[in-house]
Amino acid sequence: MHAMTVAYQRKPVLWDVDYDAPANRLIAIVGPNGAGKSTLIKACLNLTPRASGQVEFWGEPYRRARSRVGYVPQRESVDWDFPVSALDVVCMGRYRKIGWCRPVSRRHKEAALECLDRVGLRDYARRQISQLSGGQQQRVFLARAIAQEAELYFMDEPFAGVDAATERAIVEVLRELKESGKTVIVVHHDLQTVREYFDEVILLNMRVVAAGPAREVFTRENLQRTYGGRLTLLSEASEAIARAERPA
Amino acid sequence: MSEGAAIASELWTIATFRGGFNATLVIAGTSLLGLAAGVIGVFALLRKRSLVADALAHATLPGVALAFLVSAALGGDGRSLPALLAGAAATGALGVACVQALLRYTRLHEDAAIGIVLSVFFGAGVVGLSYIQANASAGSAGLTGLIFGQAATMRPSDVALMGVVATVGVLGALLLLKEFTLVCFNDDFARVQGWPVSLIDGLMMALVVLATVAGLQAVGLILVVALLIVPPVAARFWTERVWVLVALAGLIGALSGYLGAVASAALPRKPAGAVIVLAAGAIFAISLLAAPRRGVIASAWRRARLRLRIAGEHLLEAAHDRGVDVIEPGEIAAVARERGWPRAARIFVAWSLVRRGDARRERRGALRLTPRGIDRGRRVARNHALWEQYLVSYADVAPSHVDWSVDQVEHVLSEELVAELESRLASLGRPAPAAPGGAR
């Protein structure tokens with residue numbers, strides 16, 4: 001579906017990543033802290049500049065495929081003491097469809113409410129977002145992504161620090177998305193649930209250690225190569241380049 | 001008529017727009033300015049750029065000096081306001097660009113970058129002004145007025161300018177409310193959707209420049225940032241919705257401009273700009289104290305009520321544990337000693353129990369529990385036991401250490417959580433404590 005080669009030069013955190021994501025799968029990006037999981041997603045979405053390489057979506061550059069791509073950023077990346085309600089946040093997923101300078105119409109509000117319903121938060125639509133629990137906030141972000149009505153989703157740590165009810169709700173939504181033909185790429189932390197939740201795995205530690213169907217790739221040996229034996233040479237090279245670029 | 005009454009009557013005359021043409025003009029101008037700055041300031045606040053606006057305001061001074069020199073050299077009147085404001089806008093925008101460049105290309109943090117730009121630009125402006133004072137024939141009286149503001153010199157054309165600025169600010173906020181809110185809340189998401197975030201940021205900043213430059217004459221460049229910051233912050237105490245915040249901030253800004261101009265007209269020799277800022281500050285103080293949810297008094301009241309409720313529940317629980325229906329004063333004193341309540345709190349605890357219908361007063365300060373109070377005591381005791389069991393069996397807390405945390409939590413357990421605790425303990429095969437309503 002799309003081949004991506006991503007590398008950085010200013011502070012290299014990902015080297016020569018090459019991956020072709022199959023369609024209609026749930027894909028986990030797994031790796032230790034600092035492996036570049038979030039960076040990989042952000043580089044794909046043009047949020048972080050790439051030093052070299054390109055990312056293609058259905059054979060096209062990102063700016064042409066935008067309307068078909070949804071995004072769930074990390075929960076901590078925003079200020080939750082912001083004067084908007086849960087419904088307002090979900091409506092943001094439809095802003096592009098609404099267009100410049102036009103208010104959110106009743107039709108779009110209804111659609112957003114449906115999305116809140118799918119994550120079990122219909123009754124919380126009017127709540128100010130700081131009055132939601134962490135798990136509920138995460139589900140609001142998920143509902144906003146659903147509201148984008150995309151075909152390919154990127155989710156940055158949706159399972160981080162959520163309660164059991166939220167985890168169940170998210171897994172449920174992921175399955176529904178897959179059933180309706182979508183592809184979802186998820187940064188994931190919990191190794192125990194990888195095989196249960198996902199079809200494909202990318203094992204990442206500054207480079208792709210292994211990638212493919214979870215059953216084949218998610219092996220003890222590959223995990224050891226990802227988490228164990230530190231990639232001293234790569235990380236030292238990164239440090240050296242960073243120091244040279246920016247004298248302290 | 002006493003002096004106080006004379007001032008009051010004069011205030012009233014001015015406040016009802018009968019204080020003469022000039023006073024009315026100033027009031028109209030500052031109210032419009034406050035409206036515009038309040039509305040625009042909301043987005044600076046939400047984008048966490050309030051202090052950048054301060055750097056911007058200070059960076060206008062060299063532009064004022066330059067504009068004066070240039071237009072004097074071209075043979076015009078150096079003091080023409082449009083030229084001065086154009087210069088101010090130019091170096092103000094340059095100052096903002098410098099802050100962003102410093103953040104982008106160096107390792108400076110925002111506070112330091114703002115401090116550097118603010119002070120260096122202001123210093124350059126002061127040097128420029130002193131050069132003009134020493135050399136220019138036309139004099140520079142009108143220039144220093146832009147530092148502290150001179151609302152009294154407003155002319156009809158200036159008020160018209162304020163009207164234009166207010167219209168642009170309100171229209172911009174109305175039309176782009178959705179886009180501004182999205183970028184302020186989550187710029188990465190906006191980028192992924194394909195919104196031109198830099199352009200939207202630029203529009204927000206352009207509005208801030210507009211409000212700042214418009215405020216130079218009335219409020220002065222040192223204080224103008226207050227009109228951008230204080231009304232939105234005050235409004236934030238009263239609402240959790242962006243559009244209400246915009247409307248309220250505009251209202252509070254206009255009210256500050258109005259009150260400040262009226263007060264400074266009635267009290268001669270008081271600079272209008274500073275009085276306007278003080279009026280805004282007073283509205284902020286009232287909001288901080290009195291706002292219904294986020295205000296200081298409201299949250300103190302909520303805390304006090306929660307503590308009273310918990311204290312009352314401790315009493316009810318103690319009565320339940322001892323199996324009595326009447327709480328004697330001696331028992332209240334015993335619980336109070338154990339919990340370390342101050343003496344006055346005992347009266348309030350008893351009062352709140354009676355008020356909630358959990359108990360009735362008996363002779364000599366004793367409390368007779370109502371069926372409702374008895375039921376609550378039973379429920380609290382049960383929550384206590386449930387939570388204790390949960391901590392011991394799930395969280396590996398030593399039984400001797402359990403009591404402290406239990407004391408806090410048992411009062412805030414929701415029914416949902418109690419149900420969850422019950423099912424978990426049941427799955428462990430432990431006997432749950434007796435259900436409420438069961439035999440005592």
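Naming: A, B, ... by sequence-line order, numbering from 1 per chain.
The CG atom of D188(B) lies 6.5 Å from the OG atom of S77(A); values are rounded to the nearest 0.5 Å. One finds the CG atom of D187(B) at 9.0 Å from the CG atom of L47(A) (value rounded to the nearest 0.5 Å).
Considering only heavy-atom pairs separated by less than 4.5 Å from chain B, the leading option among S85(A), P73(A), C91(A) is S85(A). Chain B forms the most heavy-atom pairs under 4.5 Å with one residue out of Q128(A), R63(A), R102(A), R144(A), and that residue is R144(A). The residue among V72(A), N46(A), V69(A), D81(A) with the most heavy atom pairs within less than 4.5 Å of chain B is D81(A).
Between D88(A) and F185(B), the closest side-chain pair of non-hydrogen atoms is not below 4.5 Å.
Smallest separation of non-hydrogen atoms from C184(B) and F82(A): CB-CZ, 3.8 Å. A pairwise comparison of heavy atoms in V192(B) and Y62(A) identifies O-OH, 2.7 Å as the closest pair.
The closest donor-acceptor contact from the side chain of K178(B) to the backbone of I98(A) lies at 3.5 Å or more, if one exists at all. A distance-only check finds no donor-acceptor pair linking the side chain of R241(B) to the backbone of P83(A) [under 3.5 Å]. Checking side-chain atoms of E240(B) against main-chain N and O of V84(A) turns up no donor-acceptor pair under 3.5 Å.
Using cut-offs of 30° and 60° for the angle between ring planes, the Y95(A) and W195(B) rings count as perpendicular.
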Stepwise side-chain contact (heavy atoms from CB on, under 4.5 Å) check, L176(B) with W100(A): CA-CA 8 Å; L176(B) 296 170; W100(A) 283 92; 3.8 Å; yes
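Note on R47(B) versus D79(A): no salt bridge recorded, every NZ/NE/NH1/NH2 to OD/OE distance being 4.0 Å or above.
With respect to Q193(B), the side chain to side chain contact (heavy atoms under 4.5 Å, CB included) criterion is satisfied by exactly one of M92(A), Q148(A), K97(A), R66(A): Q148(A).
Neither the backbone nor the side chain of L171(B) comes within less than 4.5 Å of any heavy atom of chain A. Of the atoms belonging to L245(B), it is side-chain heavy atoms, and not backbone ones, that fall under 4.5 Å from chain A. Neither the backbone nor the side chain of Q74(A) comes within less than 4.5 Å of any heavy atom of chain B. With a threshold of 4.5 angstrom between heavy atoms, L175(B) approaches chain A through its backbone and through its side chain. For chain B, the nearby parts of R126(A) are the backbone and the side chain; heavy atoms of each come within less than 4.5 Å.
W80(A) is linked by a ring pair (Phe, Tyr, Trp, His ring centres under 6.0 Å) to F141(A), counting only residues two or more places apart in sequence or in another chain.
Residue-environment remark: CZ (R305(B)) stays at or below the threshold of 12 foreign heavy atoms within 6.0 Å.
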